Number of protein chains: 2
Amino acid sequence: MPADHIDQGTLTQSVGYCCLQAYLEIVPNIKKQLGKLQLRPVEYTVLSLINSNPNINQKRLGQTIRVSPPNMATLLDKIQADGLIERRRNPNDRRSQILALTPKGHQLYLKAEAVATRADITPTLTDDERQQLLSLLTKIFQN
Amino acid sequence: MPADHIDQGTLTQSVGYCCLQAYLEIVPNIKKQLGKLQLRPVEYTVLSLINSNPNINQKRLGQTIRVSPPNMATLLDKIQADGLIERRRNPNDRRSQILALTPKGHQLYLKAEAVATRADITPTLTDDERQQLLSLLTKIFQN
DNA sequence: TATTGTTATACTCTATAACTATA
DNA sequence: TATAGTTATAGAGTATAACAATA
């Protein structure tokens, strides 16, 4: 029996709604694939941002991915306990923590990047459409 | 002090990551504005889909917005207790519940639609870019 | 036996308050 | 006084298992 058509009405004019629905379509596969490396998406994101931004501190990292300081602290506790990152006090301002990947963390990140890239699929879009989409989305959240 | 540039590296090539970041940029305002009508975004979404799809049942509604049957049941319990929807058994198949807006629910929906539309803003996009974005996102999740 | 929906509950994620240490 | 980070905890959101009613 063919699924009847659902009319999403004005919701398809909402960027918020459409972003969420597209995200929910894509993310289960990413979760599943990263799960094989014992990583949640947010943990992979953190590894990636630390890798691309040496000496980033917790505040800027949390602001970038919209994780509050308390939740960032516990998230990083876990990643550190797994031996993936190290935290050291900034010598110029000992309040802040400077983050870096350990060799183990860097190795896992490289594997995870390959996995996540393969898992982030949009089969209904052409390559051009996908690039166009990424460009438009980026305009929304990059400051 | 200007915020230093953060390099999001290959993450900006991930549709999943970019959809989530764009969603997180947009949704707080929607939440805030709908909150004035005592509605959460998911509740507004439910009212909208029931409005656009008379006689939809809980299963199809839940599949559309990716809410599991147990969570759909409690979500609809709440909306029904607020007097916004009515549930009646399908006479042709008494297992399923047919959903409809009450007059009160329809009235609130109309207000909420106006509010949500105004709140869903993307100031960094032109009108053309926004329409292009909506079209691309829709291709991902519409089956 | 299969399907729709419900109840109960566990789990995860996110938000808030109070705190330490450093500046 | 202000800022970076932490601890503890509450609240919201999501997932799972067992069940009732109907087909």
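Bear in mind the structure is a predicted one, so any value in this text is a computation, not a measurement. Lettering of chains follows the sequences in order, A, B, ..., and the numbering in each one begins at 1. All heavy atoms count here, side chains included; hydrogens, waters and symmetry mates do not.
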Inset, instruction - Quick one: label R66(B) by what it contacts on the DNA or RNA (base, sugar-phosphate, nothing), any heavy atom closer than 4.0 Å. - result: nothing
Legend entry - Whole angstrom value for the distance that separates C1' of dG13(D) from OH of Y23(A): 13 Å
Inset, instruction - In whole angstrom, give the distance that lies between atom CD of Q63(B) and atom P of dT3(C). - result: 12 Å
Legend entry - Nearest-nucleotide pick for A73(A), side chain only, options being dA23(C), dT6(D), dG5(C): dT6(D)
Legend entry - Gap between atoms CD1 and P, on I98(B) and dT4(C) respectively (whole Å): 13 Å
Inset, instruction - Return the nearest nucleotide to the side chain of P70(A); candidates are dA8(D), dA21(D), dT3(D). - result: dA8(D)
Legend entry - Modelled atom types, side-chain donor and acceptor of Q13(B) and T117(A), under 3.5 Å: no
Inset, instruction - Ignoring the backbone of S96(A), work out which of dA4(D), dA15(C), dA23(C) is nearest its side chain. - result: dA4(D)
Legend entry - For Q8(B) against L49(A), the heavy-atom pair lying closest together: CA-CD2, 3.9 Å
Inset, instruction - Give R40(A) one of three labels, base, sugar-phosphate or nothing, depending on what nucleic acid heavy atoms sit under 4.0 Å from its own. - result: sugar-phosphate
Inset, instruction - With rounding to the nearest 0.5 Å, note down the distance linking CZ in R130(A) to OG1 in T124(A). - result: 10.5 Å
Legend entry - Listed nucleotide nearest any side-chain atom of K59(B), set dT4(C), dT7(C), dA15(C): dT4(C)
Legend entry - Phosphate-side-chain proximity, R87(B) and dT6(C), N/O vs OP1/OP2 below 4.0 Å: yes
Legend entry - N/O donor-acceptor pair, side chain R95(B) with base dT3(C), under 3.5 angstrom: yes
Inset, instruction - Check for a donor-acceptor pair, side chain of N53(B) on one end and backbone N or O of I6(A) on the other, with a separation under 3.5 Å. - result: no
Inset, instruction - May I ask you to say what D77(B) touches in the nucleic acid, namely base, sugar-phosphate or nothing, with a heavy-atom cut-off under 4.0 Å? - result: sugar-phosphate
Legend entry - Protein-nucleotide distance (R60(A), atom CZ; dG5(D), atom C1'), rounded to Å: 16 Å
Inset, instruction - Ignoring the backbone of N71(B), work out which of dT6(C), dA15(D), dA23(D) is nearest its side chain. - result: dA15(D)
Inset, instruction - Looking at every strand, decide which applies to N90(B) at a 4.0 Å heavy-atom threshold: base, sugar-phosphate, or nothing. - result: nothing
Inset, instruction - Using a heavy-atom cut-off of under 4.0 Å over every strand shown, decide if D93(A) touches base, sugar-phosphate, or nothing. - result: sugar-phosphate
Legend entry - Whole angstrom value for the distance that separates P of dT3(C) from CD of Q97(B): 19 Å
Inset, instruction - Check the angle between the aromatic planes of Y109(B) and Y44(B) and answer parallel, tilted or perpendicular using the 30° and 60° thresholds. - result: parallel
